[in-house]
Chemist: 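Have a look at this one before I ask anything.
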Amino acid sequence: MKLKRIISIIIKEYTHIFRDWRSLLIIILMPVLMIILYGYAITLDMKNLTFAVIDDAKTPESRELIRGFTENRFFILKYTDIKRNEIESLFKKRYIQMALVIPEDFSESLFSNRITKVQLIVDAADSNVGTFINNYSNRVAQLFNEKLNNRSPGILGLEPRILYNPDMKSANFFVPGLVALILLLICSLLTSITITREKETGTLEQILVSPVNPIEIVVGKVIPYITLGFFNGIIIIIFARLLFKVPINGSLTLIAVLSLIYIFVALSFGLMISAVAKTQQIAMLATLMATVLPTIMLSGFIFPVASMPLPLQYISKAVPATYFLIIIRGIMLKGIGIAELWQHAAALSGIGILMLSMAIIRFKMTLE
Amino acid sequence: MQTDKAVSVSKLSRHFGKFIAVDEISFEVDKGEIFGFLGANGAGKTTAIKMLCGLLKPTSGEATVAGFSINSDTSKIKKNIGYMSQKFSLYDDLTVKENIEFYGGIYGLSREKISDKTDQLISELNLDKMKNSLTRSLPLGWKQRLALSTSLLHDPSIIFLDEPTGGVDPISRRNFWRIIYEIASRGKTVFVTTHYMDEAEYCNRVSIMHKGKIIELGTPTGLKQKYNKTTMQDIFISIIGQN
Ligand SMILES: Nc1ncnc2c1ncn2[C@@H]1O[C@H](COP(=O)(O)OP(=O)(O)OP(=O)(O)O)[C@@H](O)[C@H]1O
Ligand SMILES: [Mg+2]
């Protein structure tokens with residue numbers, strides 16, 4: 001490995017980046033646009049959810065439970081005292097997203113300290129909304145339990161993430177996830193096209209007849225994009241803070257350092273795709289598919305990892321965002337430090353090194 | 001391996017799946033020679049050159065380039081050869097100067113050497129006014145001369161040119177060949193493929209490739225006598241016609 005050759009590649013990559021200012025502008029503005037669009041889309045979705053109540057008990061306790069739902073800004077009570085058979089048509093017409101059916105013996109059951117069942121019907125056509133309602137209702141039920149019956153706060157399932165988001169601002173929960181998703185997507189897209197572009201133009205061949213080896217090429221290409229990705233990360237976090245008032249309770253330096261590791265993982269992943277794909281289009285498509293879906297579905301972005309089926313839990317361990325989500329939510333919301341997070345940081349670094357090695361190996365193979 | 005040949009090829013083959021792109025070719029190229037590699041589209045010229053440059057592994061056979069084996073010593077070969085691929089392969093979005101500096105850098109030239117070479121090349125190519133313009137804005141003929149010059153930055157002893165004059169006008173081609181002669185006069189070996197039969201006349205020796213095989217090899221005058229023709233064009237047509 002020769003430093004001079006790596007430096008030549010780094011300078012060349014920077015020149016490409018800054019020369020093409022239009023792409024540079026897109027690279028910088030796209031994450032901002034994404035965080036604004038998705039951020040508002042997700043947080044708006046969760047407001048103004050309408051629901052119906054059938055209260056067969058009509059006791060102070062049942063009213064207390066209903067108040068648990070109505071006294072926040074997410075749920076709006078639209079129908080009361082309707083007949084059971086009307087519920088379905090309300091759902092079908094999309095007038096309501098949730099219905100609560102409180103049985104006649106609600107209060108008696110509560111006071112006899114039995115497990116009390118309340119029926120909650122959720123429209124899960126939009127699974128995000130469905131999951132959200134489900135989690136939120138658990139929280140309402142749990143608060144209700146605590147208020148009414150101090151002895152057994154654990155009757156209903158408790159979502160640990162809501163614990164650290166006490167005012168239940170969904171932005172606090174989703175925006176750090178968005179940061180993870182956008183950063184991964186942008187950074188891996190950046191590198192996924194760098195090698196394929198050179199394959200298409202033929203310049204890769206010209207480099208490969210020189211004494212440069214694949215390691216030097218890959219390292220020389222990663223370094224410029226780390227700075228660009230890092231700059232993107234800072235912008236995304238600033239916007240998350242300004243627009244959605246997401247708290248940053250922990251250390252900014254720690255966020256910066258651990259984001260760098262995460263960016264490194266994303267860039268290495270892009271390079272790996274780049275080494276395999278023949279054209280830029282294939283590379284971009286593969287990157288999109290391999291980053292967005294697993295990150296949304298498997299990282300805990302929406303569905304908590306702990307509540308996934310076991311096989312999926314194992315798969316989620318291979319998704320980089322899983323670790324970064326724990327890290328960034330931990331630092332931003334809980335304000336925890338490296339002492340609690342070092343294992344996740346280590347896992348992330350491991351994945352990064354593995355991916356970079358795979359990129360280099362794949363790259364060597366395509367030469368043959 | 002001690003040899004006075006610049007390139008020496010023995011039963012070299014390359015298959016792509018069932019397809020045989022290069023079929024057991026054997027030949028030798030002397031030092032300082034201008035060796036022409038002729039053949040119709042798809043004859044296997046590029047595939048053969050790529051194997052000699054270490055860009056592609058042979059399926060079977062052996063070859064030495066500058067005395068080093070293409071099967072085991074590609075990294076040594078790379079230090080001793082220049083290559084200009086069939087595709088234009090400088091960076092369109094870099095300036096003339098930046099391209100020269102980049103290629104100088106990846107060949108590990110020192111900073112002073114790069115800046116000397118840059119000045120030298122730019123004045124040789126009369127690119128003074130254009131040195132800070134983007135390479136994409138150059139006319140094709142100039143681009144190709146620039147590509148040739150950058151592939152010579154590290155002073156290789158053998159240079160492989162894959163259709164260096166594809167698509168340019170006759171005057172640019174003439175100029176290009178003037179440079180090739182100049183390179184050869186400095187003792188460098190030039191290995192060049194072409195479609196243009198008039199260019200074949202400029203070579204010391206030519207080989208004619210057809211469907212992966214070398215079917216004829218000799219000096220242009222020798223071949224003209226053998227086939228009793230006056231131009232390489234006629235020879236080529238009659239040979240390809242027979243096969
Ligand atoms: N990577 C590859 N995979 C499969 N087939 C290939 C590959 N590279 C080349 N070929 C095939 O091998 C044959 C020889 O190709 P090659 O590029 O060597 O020809 P050529 O003589 O350089 O032609 P041209 O004058 O058009 O440049 C062609 O039929 C081509 O389709
Ligand atoms: Mg060719």
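Here is how names work: the chains are called A, B, and so on, in the same order as the sequence lines, proteins then strands, and each is numbered from 1. Worth knowing before you read on, the calculation uses all heavy atoms, side chains too, and leaves out hydrogens, waters and symmetry mates. All values reported here derive from a predicted model rather than from experimental measurement.
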Chemist: If I compare all heavy atoms of A:Ile207 with all of B:Tyr91, which pair ends up nearest, and what's the gap?
Modeler: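 Looks like CD1-OH, 3.0 Å.
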Chemist: Is there a donor-acceptor contact under 3.5 Å from the side chain of A:Lys4 to the main chain of B:Arg111?
Modeler: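 Checked: no pair found.
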Chemist: Verify the distance criterion only: is there a donor paired with an acceptor across the side chains of B:Tyr83 and A:Glu205 at less than 3.5 Å?
Modeler: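 Checked: B:Tyr83/A:Glu205 side chains pair up, N/O donor to acceptor below 3.5 Å.
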Chemist: How close do B:Glu98 and A:Arg19 get, heavy atom to heavy atom, and via which atoms?
Modeler: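 Between these two residues, the closest heavy atoms are OE1-NH1, 2.7 Å.
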Chemist: If I measure from the heavy atoms of chain A, does B:Leu134 come under 4.5 Å with its side chain, its backbone, both, or neither?
Modeler: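 Only the side chain of B:Leu134 comes within 4.5 Å of chain A.
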Chemist: Check step by step if side chain to side chain contact (heavy atoms under 4.5 Å, CB included) holds for B:Tyr107 and A:Val212.
Modeler: CA-CA 7 Å; B:Tyr107 277 99; A:Val212 167; over 6 Å; no
Chemist: At their closest point, which heavy atom of A:Gly202 faces which heavy atom of B:Ser89, and how far apart are they?
Modeler: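 In this case the closest contact between A:Gly202 and B:Ser89 is O-CB, 3.6 Å.
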Chemist: Measure the spacing between NZ of A:Lys2 and CD1 of B:Ile106 and express it to the nearest 0.5 Å.
Modeler: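 Output value for this atom pair is 12.0 Å.
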Chemist: Kindly give the heavy-atom pair with the smallest separation between A:Ser8 and B:Gly105, and that separation in Å.
Modeler: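 Taking A:Ser8 first and B:Gly105 second, the nearest heavy atoms are OG-CA, 3.0 Å.
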Chemist: Please classify the contact between B:Phe88 and chain A as side chain, backbone, both or neither, with a heavy-atom cut-off of under 4.5 Å.
Modeler: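 For B:Phe88, the backbone is the part near chain A, not the side chain.
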Chemist: Please determine, among B:Gly108, B:Ser75, B:Pro156, the option with the most heavy-atom pairs under 4.5 Å with chain A.
Modeler: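 With the most close heavy-atom pairs to chain A, the winner is B:Gly108.
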Chemist: Report which part of B:Thr95 has an atom under 4.5 Å of a heavy atom belonging to chain A: side chain, backbone, both, or neither.
Modeler: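 It is both, since atoms from each part get that close.
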Chemist: For the atom pair CG (B:Asn99) and CD (A:Gln206), what is the distance rounded to the nearest 0.5 Å?
Modeler: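 Answer rounded to 0.5 Å: 10.0 Å.
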Chemist: In terms of heavy-atom proximity below 4.5 Å to chain A, should B:Lys76 be classed as side chain, backbone, both, or neither?
Modeler: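 Contact with chain A involves no heavy atom of B:Lys76 at all.
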Chemist: Under 3.5 Å, side chain of B:Lys87 to main-chain N/O of A:Glu200, donor-acceptor pair present?
Modeler: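 Yes, the answer is positive, given that a donor and an acceptor are paired below the 3.5 Å cut-off.
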